[in-house]
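Notes follow once the structure below has been shown.
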Amino acid sequence: MSIPEFNDAGQFERFFNQYHARMVLYAVKFTDDVETARDIVQEVFLKTWENRENINISSSLQSYLFVAVRNRCANFLKQKSISGKYTSETEAELKQIEADYYASAEEQNLLLYEQETSKKIQQSVRDLPDKCRRIFEMSRYDGLKSSEIAGKLNISVRTVETQIYRALKELKEKLTNR
Amino acid sequence: MTEKLNKIDLIIVRYLLKEADIAEQEYLLNWLKKDISNRHYFFAYKDTWEKSRRDLSEIAGTGESFRKLKEKMDTPADHDRIIRKKSIFLSFLRYAAAVLLIAGLGFAAYTVADQFKKKEVPVTYTEITTENGQKKEVTLPDGTKVWLNSGTTFKYSDNYAKEYREVFLSGEAFFEVTRDESRTFIVRTDNITIRVLGTRFNVNCYPDLKMVETTVISGIVSLQNDNNKEGNDIVILNKLEKGTYLKDQQKILIEKNPAAGEPVKPIGLKKITLSEEETGYISSWKDQSLCFNNETLEEMAVKLQRWFNVSIKIDDANLKSYRYKGKFDNVKSIYQVLEVVKLATPITYEYNEKTKEITIKELKK
């Protein structure tokens, strides 16, 4: 069995550039941690390449890789849960619900995910009302806690949370009404 | 004016911000479990949250990852691959040398050997073996203790503990691994790879047995089936659990994990939970106790041969399936064992001076 994408260096690089970011972003949903997500995707690419002679791909290389990333992420969470890395049983269970959801999402949907979504979101953030945008950016991009934002802007924590909710709701609607 | 948020919307936001407390997490969990429409509602927000990361392609590190991947694809960096390459190359070398010798071209053989030298990354190993009838105790550079049962080969490279702690095992060993979360302890056998951070466990992987058994006395151990290419082949063992890899098994075994109530999907791997007593039986050899846990006479013979360095023949096929359970502390000779077994099973035995072989026979009434 040969995988055509691996036969030619140029073709492989194009393939990698086309799908790598999407795979990492998919993995992040499970792992919550960019470094781990990158490692998992890297490992999947490497293992697939090493076993390229023995792997029988019935669909496409990209869907094969997505499934492999998904399986590895599911294993990663399982290990994390069993080795007691979560602070509580509840947290572990919530993570499991998330993992089940992402694991069941159709691969088709994953492949549809385009760089454009990112651009669209960036634009939508810019379009938010001033105060709302500022709070959202401080939280999402600067990594500040709600209490820190509240302190800086001299408002209540609850107001910060409400504004972040409003921002998310707005972004969500922009994303669904394409 | 800011409108007031619903309780659940507030909790969702606080959860996404990783600021939800335990009571809020519990509330969210129950709410999610209640109805599928609740889950759809939640994931619409979660998805938006995930997609709102700044500059996705930068986060993914595509350029950097590609460079690293190319490096690995071009030069095998890891141990594993070097060893595999070496063995393929060695067998090629052997074959090539034979052909060349026949042709009488010694000169060309030198060239091959030269190339071989250039390709090798010099890794030296410390190898420790035990003969039948012999046991050894080894302390590794990080303080990890390893007990080797009879007829075992154990080795580790001089790179041990540089990045991770890797050892190779054929036979049986008991490990007491010093805890070091930054450097995983890895046991490689012919069929499975075992990974731990710090724990006590027993591995039985004699080449002549049909299975590889890993038994955990304390801590957590991860087992990976090396013969599965998909990568979803990892089984986690907790304290008092035993993982069995069946060498001849080609099918996927799905077995319920009794603790979690979830199916695990090992390939040719299964795990069971043991009592303290049973676990004790499995690792007792390191304390000089010879134990048989409901084993057949045939299995016992294999153990006895290794333990006492003798040769045993079972004369009657019927006898092979007799089972025996028992524990022998500080046994000095095989006759002590056979005498006790004789009381429970209808056997007799004789020792042949010439062939140095013990023959076990059925006791005729």
Given L94(A) and Y15(B), is the side chain to side chain contact (heavy atoms under 4.5 Å, CB included) satisfied, shown in steps?
CA-CA 10 Å; L94(A) 281 167; Y15(B) 178 73; 3.6 Å; yes

Hey, mind stepping through K18(B) and D32(A) against side chain to side chain contact (heavy atoms under 4.5 Å, CB included) and telling me if it holds?
CA-CA 11 Å; K18(B) 297 200 190 334; D32(A) 254 356; 3.1 Å; yes

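- Chain B forms more heavy-atom pairs under 4.5 Å with one residue of V41(A), V24(A), N17(A) than with any other, namely V24(A).
- Rounding to the nearest 0.5 angstrom, the gap separating the CG atom in L5(B) from the OG1 atom in T159(A) is 10.0 Å.
- Contact check for L10(B) versus Y165(A): no side-chain heavy atoms found under the 4.5 Å cut-off.
- Annotation: the span from I121(A) atom CD1 to T48(B) atom OG1 amounts to 6.0 Å, rounded to 0.5 Å.
- Neither the backbone nor the side chain of E43(A) comes within contact range of chain B; no heavy atom of the residue lies under 4.5 Å from a heavy atom of that chain.
- In this structure, chain B has heavy atoms under 4.5 Å from both the backbone and the side chain of E13(A).
- How far CZ of F66(B) is from CZ of F15(A): 11.5 Å, rounded to the nearest 0.5 Å.
- When all heavy atoms of Y45(B) and K169(A) are compared, the pair lying nearest together is OH-CG, 3.3 Å.
- Closest approach of S65(B) and Q42(A) over heavy atoms only: O-NE2, 3.1 Å.
- For the pair W49(A) and L69(B), the minimum side-chain heavy-atom distance is 4.5 Å or more.
- The CZ atom of R39(B) sits 12.5 Å away from atom CD of E98(A), with the distance rounded to the nearest 0.5 Å.
- Look at K33(B) and E93(A) and you find a salt bridge, because one of the NZ, NE, NH1 or NH2 atoms lies within 4.0 Å of a carboxylate O, short of that distance.
- With a 4.5 Å cut-off on non-hydrogen atoms, V34(A) touches chain B through its side chain but not through its backbone.
- At a threshold of 4.5 Å between non-hydrogen side-chain atoms, the residues K29(A) and D47(B) count as touching.
- Separating the CZ atom in F45(A) from the NZ atom in K68(B) is a distance of 15.0 Å, to the nearest 0.5 Å.
- Heavy-atom neighbours of K95(A) NZ from other residues, nucleotides or ligands within 6.0 Å: above the threshold of 12.
- The CD atom of E26(B) lies 10.5 Å from the CD atom of E89(A); values are rounded to the nearest 0.5 Å.
- Residue contact with chain A, scored on non-hydrogen atoms closer than 4.5 Å, involves the side chain of L16(B) exclusively.
- By the 30° and 60° cut-offs, the orientation of the rings of W49(B) relative to F136(A) is perpendicular.
- Using modelled atom types, one finds no donor on one side chain facing an acceptor on the other under 3.5 Å when comparing T90(A) with Q25(B).
- Here the closest non-hydrogen pair linking S52(B) and R140(A) is OG-NE, 3.2 Å.
- Only the side chain of L32(B) comes within contact range of chain A, judged by heavy atoms closer than 4.5 Å.
- Judged by distance alone, with hydrogens and angles left aside, the side-chain atoms of E19(B) form a donor-acceptor pair with the main-chain N or O of S146(A) at under 3.5 Å.
- In terms of heavy atoms, V13(B) sits closest to E161(A) at CG1-O, 3.8 Å.
- Heavy-atom distances place both the backbone and the side chain of L29(B) under 4.5 Å from chain A.
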Given L25(A) and E50(B), is the side chain to side chain contact (heavy atoms under 4.5 Å, CB included) satisfied, shown in steps?
CA-CA 8 Å; L25(A) 292 169; E50(B) 290 294 343; over 6 Å; no

